[in-house]
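Everything below concerns the one structure shown next.
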Amino acid sequence: MEHAEQHRQFEEWIERHGAIIFRVVHGFAERDERDDLLQEILLSIWKAIPSYRGEAKSITFVYRICHNAALLWRRSQFNYRRRLERFQWLREPDEASFGGTDHQEEQLKSLYAAIRQLSPPDRSLILLSLDGLSYREMAELHGISESNVGAKLHRIKRQLTQILRNHDHE
Amino acid sequence: MNDDDLQQIWKSPRNEPGEQRQRQWTRGFIRKLQRARRLQALWLVWTFAALTGISLLVLLQVFLGKLTPGLAVVMGPLLATPWAFGIHFLRRFRSKDSPKPHTDLPLVDALNVALRANHAAQARLRTIRLLLCAMLPILTGAIWQLHVAGKVSGREARSMAVFFIAALTISGAVITLRILLGLKPQEKRLGSLVRSFE
């Protein structure tokens, strides 16, 4: 694939699917680690573009790459510091990242904090579910059966509600 | 928070990066990527130019008969090592933009592929470590033979032995650290992730 074509595709995907990347980054990484995960996801997308054959929808492909990268991502202190210096421009504007300071923003922060308390595969599943993917799509992305997705989501939602309830009481 | 509240918050514009930030991601990423590639390309050109120059000089010295046979034998592995590293970095540079084999697989399959790759990497490193251990008596024997045949003096033989033993020991230690601090913890983490899918 030509470099220019890869560049164009990358730009188009980031523009169209930026929200997916944003949510995965916030769902998997704490504030200080987000730049590192974001960089990892952008790099995975860049590298995966030449292998995209157009058989699946681009959104499914991007979901797969983002969730794969997030699951396999592990911050190493050395890489983190190095990348932080090299990729300073990527820094998320910390807690102001959701804009404003009202009640909805607080709820969003609490929700992400609760999601990050789940196990990584559960985080991935609840993020997909909140994005409105069907059981079939989630089953394909995770490589498990639809009934398994249903059972897991039921348990995850109960767990998430409990975490949020505990957070409200504190 | 009920399901409707959740959806309302989740779908709100606050839960999206916004056009400006997306553009910043793209521009910044491409700029840094291109800069990194340029620097790597320059480094490779410089390294291969230097290696070629040094190798030609050594060959010239050998043809002119200005190197003792002992030194000529030692120069072989001494030059082969940086060439091997250079070729390794060149291959990495060329394959930099190729996707990882598990990029677009279902998550559970991707984790299994990553786990198998981890096992393969560990096996590969153990084999290399074993070969390094096997090299030790072979090199010692070779140096001894050179000394017995009168090709190198006792002092030269000792220097060569110290150099090769140090190089092999350091290489073995680096491999062991890579397994213990890198691959083993990764194997544990991947294993637990795979189990959590079951």
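- Separation of atoms CD1 (A:I14) and CZ (B:R27) is listed at 13.5 Å; rounding is to 0.5 Å.
- Interface residues of residues 177-189 of chain B toward chain A, defined by a heavy-atom distance below 4.5 Å and sorted by number: B:R189.
- Between A:R8 and the options A:Q6, A:E11, A:E5, a side-chain hydrogen bond (donor to acceptor under 3.5 Å, both in side chains) holds for only A:E5.
- Side-chain contact annotation: A:E137 with A:S134, donor-acceptor N/O pair under 3.5 Å present.
- Between A:W13 and A:Y52, the distance separating the two ring centers is shorter than 6.0 angstrom.
- Ranked by non-hydrogen atom pairs under 4.5 Å with chain B, the options A:L160, A:L130, A:L141 are led by A:L130.
- Ranked by non-hydrogen atom pairs under 4.5 Å with chain B, the options A:P121, A:S119, A:A19 are led by A:P121.
- With a threshold of 4.5 angstrom between heavy atoms, A:S124 approaches chain B through side-chain atoms but not through N, CA, C or O.
- Ring geometry, A:F28 versus A:H67: the interplanar angle exceeds 60°, so the pair is classed perpendicular (tilted spans 30 to 60°).
- For a residue to count as touching a neighbouring chain, one of its non-hydrogen atoms must lie under 4.5 Å from one of that chain's; by this rule A:D131 touches chain B with backbone and side chain alike.
- Geometrically, A:K152 engages B:F197 in a cation-pi contact defined by less than 6.0 Å to the ring centre and at most 45° from the axis.
- To the nearest 0.5 Å, atom CG of residue A:L118 and atom CG of residue A:L125 are 10.0 Å apart.
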Please evaluate residues A:E12 and A:S58 with respect to the criterion side-chain contact (heavy atoms from CB on, under 4.5 Å), reporting the C-alpha separation (whole Å), side-chain torsions for both, the decisive distance (0.1 Å), and the verdict.
CA-CA 10 Å; A:E12 189 192 313; A:S58 71; 6.0 Å; no

